[in-house]
Amino acid sequence: MGYNTDADQDFIAAAMPAFISEAAEQFEAIETLLLELEEQPDDRDLLDSLFRCAHTVKGSAGIFGLHRVVDFTHHVETLLDKMRDGEIALTAEISTLLLQCNDQIKILVDTAADESADTPQEQETRADLVVQLQALTEGTPVEPEATAVASPEEAAGALRIWTIAAQFGPETFRNGMDPLSIARYLGGMGRVLSVRCGTETVPPLVNLNPESCYLSFYMELETTSNREEIEGAFSFVLDDCELDVVAPETPGQKLVRAIEDMPETPRLGDMLVSVGAVSQDKLEQLLSTQQQTRGMPSVETPKIGDLLEAQAGVAPEVVAAALGKQQKIRENAPSEERYIRVQADRLDAVINLLGELVIAGAGATLLARETREVGLIEANLHMNRLIEEIRNGTLGLRMVPVGETFSRFRRVVRDTASSLGKEVNFEIVGGDAELDKSMVEKIADPLMHLVRNSLDHGLETPQERIASGKPPVGKLVLSAQHEAGAILIRIEDDGRGINRERVLQRAWSHGLVEPGVVPSDNDIHMLIFEPGFSTAEQVTNLSGRGVGMDVVRRNIEALRGSIRLLSRPEQGLQVDIRLPLTLAIIDGFLVGVGKSKFVLPLESVVEVIEAGGRHVKADAMGRHYLELRGAVLPVVRLRTLYAVESTHTERVSVVVVNAQRGPYGIEVEVLLGQQQTVIKPLGRLFKTLRGISGSSILGSGEVALILDVNSLGDLVTADPGVAGLHAKSTGATFSS
């Protein structure tokens with residue numbers, strides 16, 4: 001099938017993005033399935049799913065006339081088919097070969113619109129892969145199939161005449177699809193015996209819309225392809241097409257189809273009588289025979305299905321169909337989930353509008369309270385409850401399991417460990433924890449760098465591990481869990497950990513730390529995130545140039561997240577990344593200091609206590625604290641830290657919050673209560689200001705700053721002089 005007409009070219013251009021998006025999902029699925037098959041090589045379901053993914057890519061590419069994709073994928077499909085038949089067993093070498101083939105298919109799809117982008121090097125690589133695939137598949141003995149098991153429809157190489165009826169919907173053309181291209185593709189699958197265009201839905205000429213599709217066709221196709229392959233030709237128009245693919249049926253197949261089409265019937269015998277598989281008299285006779293054996297000692301009561309096969313001549317597949325129908329009725333299986341694709345930018349636009357709606361709702365509530373009209377206040381409260389429900393539902397649309405991103409690292413770990421000569425047991429824990437899709441996309445690259453860093457610098461070679469008394473196979477765990485309104489992503493290995501002395505020596509030699517000064521262990525570990533810092537003895541193709549870890553920290557902090565390291569010498573390294581669940585809207589707790597407003601994430605607030613200014617004391621270093629229920633609670637004064645213009649207030653409140661380093665208090669002057677907070681990015685002036693993660697617009701039009709509870713907690717234990725210089729260096733003086 002070729003594409004020579006302008007209509008064909010328009011079809012390709014309009015539908016190609018959808019094909020590429022669908023194909024990308026198949027590539028990810030193929031990679032995941034291959035890696036799972038390495039661990040479970042005898043799992044037939046995984047192998048079948050793998051074959052279907054490859055076949056889907058091949059079939060869809062055929063519809064678009066992408067012959068390079070079809071030809072190359074055909075070799076992969078042949079190998080997978082022989083693996084399904086048990087002729088070839090999966091090995092590590094075959095798995096590597098298939099992963100490389102998957103990479104090449106992706107390249108072919110990505111360069112489909114511009115074949116000149118396909119480099120000679122890639123073409124040579126594919127040619128070599130084809131040679132390896134053919135060496136595996138050609139000359140392999142074929143085990144004879146049991147003809148009694150294989151149905152005529154599934155028999156390999158059997159020519160069958162299929163009747164295909166396709167009625168296309170009116171939106172087919174507008175969605176970039178071309179029925180003629182599908183018909184041509186079907187013609188390439190076999191021999192078209194007859195084809196007829198339907199005219200039933202074509203309106204009078206005066207009412208005909210040239211942009212609407214009224215086409216239908218009826219085709220008789222002689223082919224060795226099965227039903228799934230034929231229906232695959234219509235995969236991109238299934239939502240706009242009524243499709244019926246029918247093959248000549250045997251008497252048994254007709255009975256099976258009749259049973260499947262029946263309304264719910266609880267009893268097995270009633271189903272078989274209704275479709276004519278057995279007469280009512282014969283059924284009653286068999287039921288009587290079954291009943292007579294119930295009271296007989298030492299005689300097992302036969303099943304009615306066995307009696308129907310043995311004494312009534314009902315085909316086994318018909319009995320099986322009836323039993324299957326009965327089982328489905330008993331299970332009352334839930335309705336099949338339905339999905340709809342939505343472009344990400346459209347969903348982002350809805351989220352932005354929702355943010356404006358939240359701000360407008362807060363403003364309306366403020367005005368309603370000023371009027372003191374009870375009815376108006378209640379109406380606004382009801383409206384705000386609805387807005388909150390809409391917010392939760394809309395933000396939920398963007399929440400995706402992080403396991404989808406984590407699974408991509410299986411290939412990275414496999415290939416990287418192999419290139420380094422290391423053996424690694426990679427585990428994923430908590431992959432069902434959900435995170436905003438925009439966050440998932442932005443965290444993928446930092447995670448990739450940290451995983452590779454653990455493999456390169458952290459884990460030892462098998463010989464080194466054995467020499468140090470460890471098992472030869474290293475362990476790398478990537479986990480996720482929700483924690484106090486945030487998500488904790490942890491990368492943990494059982495390698496050598498961070499060499500504290502080496503890091504300190506490099507820091508002294510690079511001028512990052514004054515020679516002779518020994519910071520705390522945590523501060524020493526965090527030095528690896530400084531630009532240009534590296535402890536590698538030699539540069540490899542993975543790391544050693546001191547480029548990357550600083551970008552990792554910068555990207556994580558840009559997401560209002562934090563990163564911490566816990567190193568155990570010769571036992572391993574634990575990297576903790578904490579991220580907010582979303583970048584859009586949060587539940588906040590609004591407080592005031594002077595004329596300035598601040599927002600605390602509500603999930604981090606533990607309690608609020610009233611404490612006069614005289615109860616907040618200062619230690620020898622000038623750090624503030626408060627005695628709370630017999631314990632010392634560190635306290636940070638926003639008025640002092642950020643030089644907020646305010647008259648000293650004797651009666652203040654302390655908001656107790658939970659942070660990564662433990663609870664602490666924040667001294668504020670006014671409590672303004674809970675409210676939905678729309679997160680806005682910070683301007684350049686506040687980019688370097690620690691303790692602040694964003695801003696928000698209040699209903700009154702004022703701007704409130706969103707506090708970063710974790711980084712603010714780090715400042716609680718900092719030298720007061722450092723905090724003061726920090727505020728002055730940013731010009732941080734807050735006032736309305």
Side-chain angles (χ1 to χ4, degrees), residues 1 3 8-37 46-81 97-119 122-123 125-126 129-130 133 175-178 181-182 184-185 188-189 225 228-241 339-344 400 404-405 407-408 410-411 437 440-441 444:
M1 178 178 67
Y3 291 91
D8 288 336
Q9 295 300 329
D10 292 342
F11 161 69
I12 294 176
M16 186 63 74
F19 165 69
I20 292 176
S21 176
E22 293 280 355
E25 295 180 3
Q26 299 298 332
F27 300 143
E28 290 184 11
I30 289 173
E31 186 170 294
T32 300
L33 290 167
L34 276 170
L35 296 173
E36 291 178 359
L37 267 173
L46 290 176
L47 187 56
D48 288 341
S49 298
L50 182 61
F51 179 84
R52 284 195 295 270
C53 289
H55 181 73
T56 299
V57 173
K58 175 186 170 184
S60 300
I63 295 175
F64 288 87
L66 305 179
H67 301 299
R68 297 186 305 151
V69 179
V70 174
D71 293 342
F72 183 75
T73 310
H74 175 74
H75 296 289
V76 176
E77 192 179 44
T78 301
L79 174 58
L80 293 175
D81 201 26
L97 174 63
L98 290 172
L99 286 169
Q100 293 171 346
C101 290
N102 189 44
D103 294 340
Q104 287 300 319
I105 298 172
K106 183 178 186 301
I107 291 173
L108 285 172
V109 171
D110 291 341
T111 59
D114 181 13
E115 294 187 8
S116 62
D118 187 19
T119 64
E122 299 296 350
Q123 295 171 17
T125 301
R126 281 195 299 277
L129 293 175
V130 169
L133 290 168
N175 291 335
M177 298 296 135
D178 183 2
S181 299
I182 297 173
R184 289 176 177 170
Y185 179 71
M189 298 175 65
S225 301
E228 184 183 36
E229 292 171 330
I230 294 174
E231 291 177 346
F234 295 85
S235 58
F236 282 90
V237 292
L238 285 179
D239 293 337
D240 295 318
C241 177
Y339 297 91
I340 183 171
R341 288 182 176 275
V342 178
Q343 292 181 359
V400 297
E404 296 180 6
T405 297
S407 61
R408 301 177 190 171
R410 291 188 183 276
R411 174 78 181 277
K437 182 173 176 59
V440 169
E441 294 170 349

How close do [X] and [Y] get, heavy atom to heavy atom, and via which atoms?
X	Y	result
Val237	Ile182	CG2-CD1, 3.6 Å
Phe72	Cys101	CE2-O, 3.6 Å
Asp118	Gln123	O-NE2, 3.2 Å

Holding to side chain to side chain contact (heavy atoms under 4.5 Å, CB included), I want the full list of residues that pass it with [X], two or more places apart in sequence or in another chain.
X	answer
Lys437	Val400, Glu441
Asp240	Glu171, Thr172, Asn175
Asp48	Arg44, Arg52, Arg84
Gln26	Cys53, Thr56, Val57

Distance, nearest 0.5 Å, that separates [atom1] of [X] from [atom2] of [Y]:
X	Y	atom1	atom2	answer
Asp81	Leu47	CG	CG	9.5 Å
His75	Leu80	NE2	CG	13.0 Å
Leu133	His74	CG	NE2	11.0 Å
Thr73	Asn102	OG1	CG	9.0 Å
Asp71	Lys58	CG	NZ	9.0 Å

Partner residues of [X] under the side chain to side chain donor-acceptor pair (under 3.5 Å) criterion, sequence neighbours left out:
X	value
Glu122	Gln104
Glu25	Arg341
His55	Glu77
Glu28	none

Of all residues at least two apart in sequence or in a different chain, which pass the salt bridge (charged side-chain N to carboxylate O under 4.0 Å, His left out) check with [X]?
X	result
Glu36	none
Glu231	none
Arg411	Glu31, Asp103, Asp415

Heavy atoms, side chains only, cut-off 4.5 Å: are Leu66 and Leu108 in contact?
-> no
Result of checking Ile30, Leu34, Leu33 against Leu98 for side chain to side chain contact (heavy atoms under 4.5 Å, CB included) | Leu34
